[in-house]
Q: 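Below is a structure I'd like to ask you about.
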Amino acid sequence: MKSIAKSLVLSAALAAIATASNAQERVVNVYNWSDYIDESVLTDFTKETGIKVVYDVFDSNEILETKLLAGGTGYDVVVPSGTFLARQIQAGVFQPLDMSKLPNSKNLWAEIQNRTEAYDPGQKYSINYMWGTTGIGYNVKAAQERIGGAVTSWDVIFDPEKLAKFKDCGVHILDAPAEIIPAALNFLGKDPDSKNADELREAAALLQTVRDSVQKFHSSEYINALANGDICLAVGWSGDVFQARDRAAEADAGVEVGYSIPSQGALMWFDQMAIPADAKNVDEAHAFLDYIMRPDVIAKASNYVYYANGNEASTPLLEKDVVEDPAIYPDAATLANLYVTTPYGARNQRLVSREWTKIKTGQ
Amino acid sequence: MKAALRSILAKSTIWLPYIWLLIFFLAPFLIVAKLSVSEPAIAQPPYTPTFDFWDGPAGWWRAIGQFSFYNYIFITEDSLYWKSYISSLQIAVISTFLTLLIGYPMAYGMARAPRTWRPMLLMLVILPFWTSFLIRVYAWIGILKKEGLLNQFLLWIGLISEPLTILNTNTAVYIGIVYSYLPFMVLPLYANLERQDFSLLEAAMDLGCTQRQAFWKVTWPLSMPGVIAGCFLVFIPTVGEFVIPSLLGGSETLMIGRTLYDEFFQNRDWPVSSAVAIILLMILIVPIMLFQRSEALARERER
């Protein structure tokens, strides 16, 4: 998801510390998204508890899932997103959390918990780490020239004529059918969580009408491409677009990136921390989860990664440019407009991936 | 005692390669073949049936009874798969041809260069391997993208007025493949051309051939083993190429490596992706066998 180099250096350093220290020491093996935590959170955790953190990173849910399903990952804490978590729970990948070891779970945000209920009924297996939206990242100048202002509606993506205006400057869409098909359904006025085969085909047909203007379906290239001005429009994850925005600002080469939660609403996603069933350091994993749920800790993480967290008690501790940015912490009206989806069943999954491949390859 | 040991050692040179093949080819092949006749499931691991060694033969037999060839039927029914195979073969054939077109003159030039230069030239061909393949493909993104080096250069010399879109198209895939596999074409060709007897060409010209005729009648036929070796070394890995099309290719680049990746990672359909892999192997075994035959023939001719 983010600058991998930084995280690699971090994890290498932590691994070096771990091996250099006494083998008797307690360890927790954490597998998280790349560049998704303030490094000092990990060092502070070790200082307070004496538990070493061996931190490793991934950049796609698919990679994490494949490792989990193959089993024997050696990780004690992993961070899948909601729909993936739901399927992994079904597959028996995780162990139930011991709530008596997680007193800080009282700080969690009921609004977010209500929504993650769809993936983890009863909050038995996971706690929320961060959440965000799947919206539209865009080049502010290019949008000004082409549609005369900021992007506010999904029609820049789903109206073939409007999207065609952006074709010359480059359009990317996430290579994630579970995120894009619901957006198309929502645009068509259908239930974004629809599992009806005809409606799914309708959404796919809508995407077929716009695919000619899409340069690439990819889930991470758009960060750099937006920041460098190589593309001007991308359907992407909120935090990634903010990263592109910050990188563009740092580079100071005249590229300004904006992020829009379109008026029709957007998909809300959740990254959840869970403990694999075959984890070796279960107590340490619980200690880590409990530490993460401390308001000051998770606030520090949010201030660093520019994502909203699911911890209500941390809200007053957040920096203004995080908590007051409606793209990160949407107002109540926008929040009500955000939707969640549930995973596809085996038969629908095959239909969706078939349709998706057809869209991607233009067959 | 000594003699016995020597005979074991002597024999080991025969069976060691077989053990190698058994562990690193046959065993993985059987695992994938078994997967390809399984059914996907939401479980860990994500397919059924699974073998448990402790079930004993009766349990294994029960598991074998659950095998089905449905995945293979599914692959033939869905046009996506054969389109991917055909498009992969097409991309592989075209890029092999392009590699030959560029690689042959290079190898020829190297073989005809002064003897003292040759180690240096050979070194230059091998040098890119010192950098990771992945990083070299990434570097092409920087060269080919809209604001990239190539476009800036072409704009600067005034050949184009608008930046070209090369990245994320099939053109970029061809550039990436030809670049990456060029050494595999040049090295066998060079090895062949360097050994050719120059006096044969002189003889041909003495007998009235023009330079061009001498090349086509003498050098080219003699270099066939090198051409064949180079072409197969490029063609076979290119068919299953995944990294280059996914980094440089656009959405419309359909290659079997990507289809396989999507089946495995996005659909979590290990059985179907295994079936795709088995069929890919079957497709590749034909050229590999042709290659081996031509190698054997060449060796016999040399005797």
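Every chain is numbered from 1, with letters handed out A, B, ... down the list of sequences.
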Q: Looking only at heavy atoms and a cut-off of under 4.5 Å, which of B/P46, B/G250, B/S79 has the most pairs with chain A?
A: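 Highest number of heavy-atom pairs under 4.5 Å: B/P46.
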
Q: Between B/F184 and B/F129, what is the ring plane arrangement, given parallel below 30°, perpendicular above 60°, and tilted in between?
A: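 Perpendicular.
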
Q: Quick one: of A/K360, A/R354, A/Q88, who has the most non-hydrogen atom pairs under 4.5 Å with chain B?
A: A/R354

Q: Report which part of A/Q215 has an atom under 4.5 Å of a heavy atom belonging to chain B: side chain, backbone, both, or neither.
A: both

Q: Using non-hydrogen atoms only, which part of B/L80 is less than 4.5 Å away from chain A: side chain, backbone, both, or neither?
A: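 Just the side chain, heavy atoms under 4.5 Å.
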
Q: Heavy-atom pairs under 4.5 Å with chain A - which of B/E147, B/Q266, B/E162 has more of them than the others?
A: B/Q266

Q: Does any non-hydrogen side-chain atom of B/L247 lie less than 4.5 Å from one of B/L134?
A: yes

Q: What part of A/E221 gets within 4.5 angstrom of chain B, counting heavy atoms only: side chain, backbone, both, or neither?
A: side chain

Q: Strictly under 6.0 Å, is that where the ring centroids of B/W20 and B/F25 end up?
A: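 So the answer is no for these two rings.
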
Q: Let me know which of A/V235, A/L207, A/I157, A/I173 forms a side-chain contact (heavy atoms from CB on, under 4.5 Å) with A/V214.
A: A/I173

Q: Check each atom of A/D175 against the heavy atoms of chain B and say whether the ones under 4.5 Å are side chain, backbone, both or neither.
A: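 Both backbone and side chain.
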
Q: Side chain, backbone, both or neither: which part of A/Q349 has a heavy atom under 4.5 Å from chain B?
A: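 Just its side chain gets close to chain B.
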
Q: Please classify the contact of B/Y47 with chain A as side chain, backbone, both or neither, using a heavy-atom distance under 4.5 Å.
A: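 Nothing of B/Y47, per the 4.5 Å heavy-atom cut-off to chain A.
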
Q: Which answer fits A/N224, side chain, backbone, both or neither, if we ask what part of it has an atom under 4.5 Å from a heavy atom of chain B?
A: neither

Q: Which of parallel (below 30°), tilted (30 to 60°) and perpendicular (above 60°) describes A/W356 and A/F217?
A: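 Plane angle over 60°, so perpendicular.
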
Q: Checking B/T165 against chain A: side chain, backbone, both or neither under 4.5 Å from a heavy atom?
A: side chain

Q: A cation-pi test, strictly: NZ or CZ of B/R136 under 6.0 Å from the centre of the six-membered ring of B/Y138 and no more than 45 degrees from its axis. Yes or no?
A: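 B/R136 over B/Y138 ring: no.
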
Q: Are A/E355 and A/K358 within salt-bridge range, i.e. N to O under 4.0 Å?
A: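 A salt bridge links A/E355 with A/K358.
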
Q: For A/L68, is it the side chain, the backbone, both, or neither that has a heavy atom closer than 4.5 Å to a heavy atom of chain B?
A: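 It is the backbone, since no side chain atom gets that close.
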
Q: Side chain, backbone, both or neither: which part of A/T66 has a non-hydrogen atom closer than 4.5 Å to chain B?
A: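 Both parts, heavy atoms under 4.5 Å.
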
Q: Please state whether the rings of B/F264 and B/W270 are parallel, tilted or perpendicular, taking 30° and 60° as the class boundaries.
A: parallel

Q: Taking only residues two or more places apart in sequence, or in another chain, which ones meet B/Y72 in a side-chain hydrogen bond (donor to acceptor under 3.5 Å, both in side chains)?
A: B/S36

